[in-house]
Amino acid sequence: MASADLPAGLLDALRQAGRVVFLTGAGVSAESGVPTFRDALTGLWARFRPEELATPEAFRRNPQLVWDWYRERRRQVAAVAPNPAHCAIATLQARLPHTLLVTQNVDGLHQRAGSVDAVEFHGNLFTNRCRGCGHTAPQGDPQLAAPPPCPECGELMGPGVVWFGEAIPGEALERAWRGASEADIVLAIGTSGLVTPAASLPEVARQGGALVVEVNLQPTPLSAQADFVVTGPAAQSLPAIVAVL
Ligand code: OAD
């Protein structure tokens, strides 16, 4: 995408914004080779059943099956690199005065691209969390073959991601909500906007007076409320913004 193809007014809005919030989803990592969740055919939830892999009940029923699936995701993510979308967000964070990055992604690619202090709304693939006592620890060996016992309570630890039916970590929720309500502009990038509470953040920001920008390959439920819609791959759209900001 050429910078000239960006919606009129978007660059001025970004230049004038005091506080900018980025809300990112799986589409940002798609061009690194990490599968999204809901894209037809390639999305993870098109090929696997979340209730067998991404719930506390699934882990209680078959911890090894769940562990093996996340171990494979750890392997996949460790083998890929951040793409120009991650790098453009890190550059914008460095250039703009006040930004907050809220990501639903658990892959750590924003941090590897240089983003600091990301709010990991759905946790991190490379940590472990005990569902018994809540203890969280770095994963250490990403290819550990079986779920380790929790050093605090002895229950099996699972991956440090938020599963269906689990609460968003309190600090992440609080920072994201405060950031959205104080924002001048929020950019929702590569997210289907179907999973709450993350999907509510642009609306929280809008109610606080923020402009809403959507960057996506295709329309989503957010598109109708967005002030600016940038249609195209994030790895092209975001560098096009950086090039002229
Ligand atoms: P989804 O898979 O639901 O949506 C991905 C979005 O990215 C879609 O709207 C695509 O059109 C868009 N997209 C794909 N490739 C893109 C590209 N190259 N550039 C721009 N947009 C692109 O992923 P999320 O919205 O992140 O939760 O899903 C939200 C949550 O649902 C995930 O965090 C995960 C999942 O269940 C947990 O793991 C708790």
Side-chain angles (χ1 to χ4, degrees), residues 1 5-6 22-59 66 69-70 72-74 76-77 80 82-89 101-110 118-127 129 131 158-169 172-173 176 186-202 213-226 228-241:
M1 172 180 286
D5 298 330
L6 295 168
F22 299 93
L23 169 66
T24 65
V28 169
S29 295
E31 289 158 272
S32 291
V34 181
T36 64
F37 292 92
R38 293 177 185 78
D39 285 303
L41 304 179
T42 57
L44 289 175
W45 298 153
R47 295 182 290 138
F48 299 98
R49 288 163 58 83
E51 58 272 31
E52 285 171 11
L53 297 165
T55 67
E57 295 74 28
F59 188 64
V66 171
W69 192 71
Y70 280 95
E72 174 55 20
R73 283 188 63 199
R74 283 169 169 154
Q76 280 179 355
V77 167
V80 303
N83 68 55
H86 300 106
C87 297
I89 292 170
L101 169 60
V102 180
T103 185
Q104 298 165 84
N105 299 344
V106 297
D107 54 29
L109 289 175
H110 282 299
V119 176
E120 294 190 301
F121 209 73
H122 290 159
N124 186 299
L125 194 53
F126 297 97
T127 61
R129 185 156 56 86
R131 267 68 187 180
V161 301
V162 176
W163 282 328
F164 290 98
E166 291 189 316
I168 305 301
L173 193 63
V186 59
L187 293 95
I189 308 166
T191 177
S192 60
L194 294 173
V195 176
T196 55
S200 307
L201 277 177
V213 183
E214 176 170 73
V215 179
N216 203 303
L217 283 181
Q218 58 190 2
T220 74
L222 180 65
S223 310
Q225 278 97 55
F228 301 101
V229 174
V230 181
T231 304
Q236 292 178 25
S237 308
L238 294 168
I241 294 175

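Please read all numbers here as calculations on a predicted model, not as lab measurements. Order of listing sets the numbers, starting from 1, for every ligand and every atom in it.
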Name the residue from Pro233, Ser237, Pro239 that meets the side chain to side chain contact (heavy atoms under 4.5 Å, CB included) definition with Met1.
Ser237
Side chain, backbone, both or neither: the part of Ala30 lying under 4.0 Å from ligand 1 by heavy atom
side chain
Backbone or side-chain N or O of Trp45 under 3.5 Å from ligand 1 N or O:
yes
Please, which pairs that meet side chain to side chain donor-acceptor pair (under 3.5 Å) have at least one residue in residues 39-50, sequence neighbours excluded?
Thr36-Asp39, Arg49-Glu51, Arg49-Glu52
Ignoring hydrogens and angles, tell me if any N or O in the side chain of Asn105 forms a donor-acceptor pair with the backbone of Gly25 under 3.5 Å.
yes
For ligand 1, which atoms have a heavy atom of Gly25 less than 4.0 angstrom away?
26 (O)
Any nitrogen or oxygen of Gly190 lying under 3.5 Å from a nitrogen or oxygen in ligand 1? Just yes or no.
yes
For atom 38 (O) of ligand 1, which candidate among Leu44, Thr103, Val162 holds the nearest heavy atom?
Val162
Top protein contact for atom 25 (O) of ligand 1, by heavy-atom distance
Thr191 OG1, 2.7 Å
For ligand 1, find out whether one of its N or O atoms is nearer than 3.5 Å to an N or O atom of Ala26.
yes
Does a side chain donor of either Thr231 or Gln218 reach within less than 3.5 Å of an acceptor in the other side chain?
no
Is there a polar contact, in the sense of an N or O pair closer than 3.5 Å, between Asn105 and ligand 1?
no
Nearest heavy-atom contact between Gly123 and Val162 is N-CG2, 4.1 Å
If you define the side chain from C-beta out and look only at heavy atoms, does anything of Ile241 sit under 4.5 Å from Leu6?
yes
Identity and distance of the protein heavy atom lying nearest atom 10 (C) of ligand 1:
Asn216 OD1, 3.4 Å
Region of Val195 engaging ligand 1 - heavy atom pairs below 4.0 Å:
side chain
Please state which protein non-hydrogen atom is closest to atom 31 (O) of ligand 1 and give its distance, to 0.1 Å?
Arg38 NH1, 3.0 Å
Sub-4.0 Å atoms of ligand 1 with respect to non-hydrogen atoms of Ala234
17 (C), 19 (N), 20 (C)
Go through the steps to decide whether Leu201 and Val186 satisfy the test side chain to side chain contact (heavy atoms under 4.5 Å, CB included), and finish with yes or no.
CA-CA 9 Å; Leu201 277 177; Val186 59; 5.8 Å; no
Quick check: closest heavy atoms across Pro50 and Phe164, and the distance to 0.1 Å?
CB-CE1, 3.5 Å
Any donor and acceptor pair, going by atom type alone, linking the side chain of Ser29 with main-chain N or O of Ala26 inside 3.5 Å?
no
For ligand 1, which atoms sit closer than 4.0 Å to a heavy atom of Thr36?
2 (O)
Which part of Phe121 is near ligand 1, with near meaning a heavy atom under 4.0 Å away: side chain, backbone, both or neither?
neither
Heavy-atom distances under 4.0 Å are what count here, so tell me which part of His122 touches ligand 1: side chain, backbone, both or neither.
side chain
Nearest neighbour of atom 17 (C) of ligand 1 from the list Gly27, Ala198, Ser237, on a heavy-atom basis:
Gly27
Answer yes if the side chains of Thr103 and Thr24 hold a donor-acceptor pair under 3.5 Å, and no otherwise.
yes
Decide whether an N or O pair under 3.5 Å exists between Phe37 and ligand 1.
yes
Relative to the heavy atoms of Asp39, which atoms of ligand 1 are at a distance of less than 4.0 Å?
10 (C), 11 (O), 14 (C)
How far is atom 29 (C) of ligand 1 from its nearest protein heavy atom, and which residue and atom is that?
Gln104 OE1, 3.3 Å
So, do Arg129 and Glu166 sit near enough that their side-chain heavy atoms are less than 4.5 Å apart?
yes
Using a strict 4.0 Å cut-off to heavy atoms of Glu31, name the atoms of ligand 1 that fall inside it.
17 (C), 18 (N), 19 (N)
Do the non-hydrogen side-chain atoms of Glu214 and Gln225 ever get within less than 4.5 Å of each other?
no
among protein heavy atoms, the one nearest atom 15 (N) of ligand 1 is Leu217 CD1, 3.4 Å
Sidechain N-carboxylate O distance under 4.0 Å for Arg131, Glu57
no
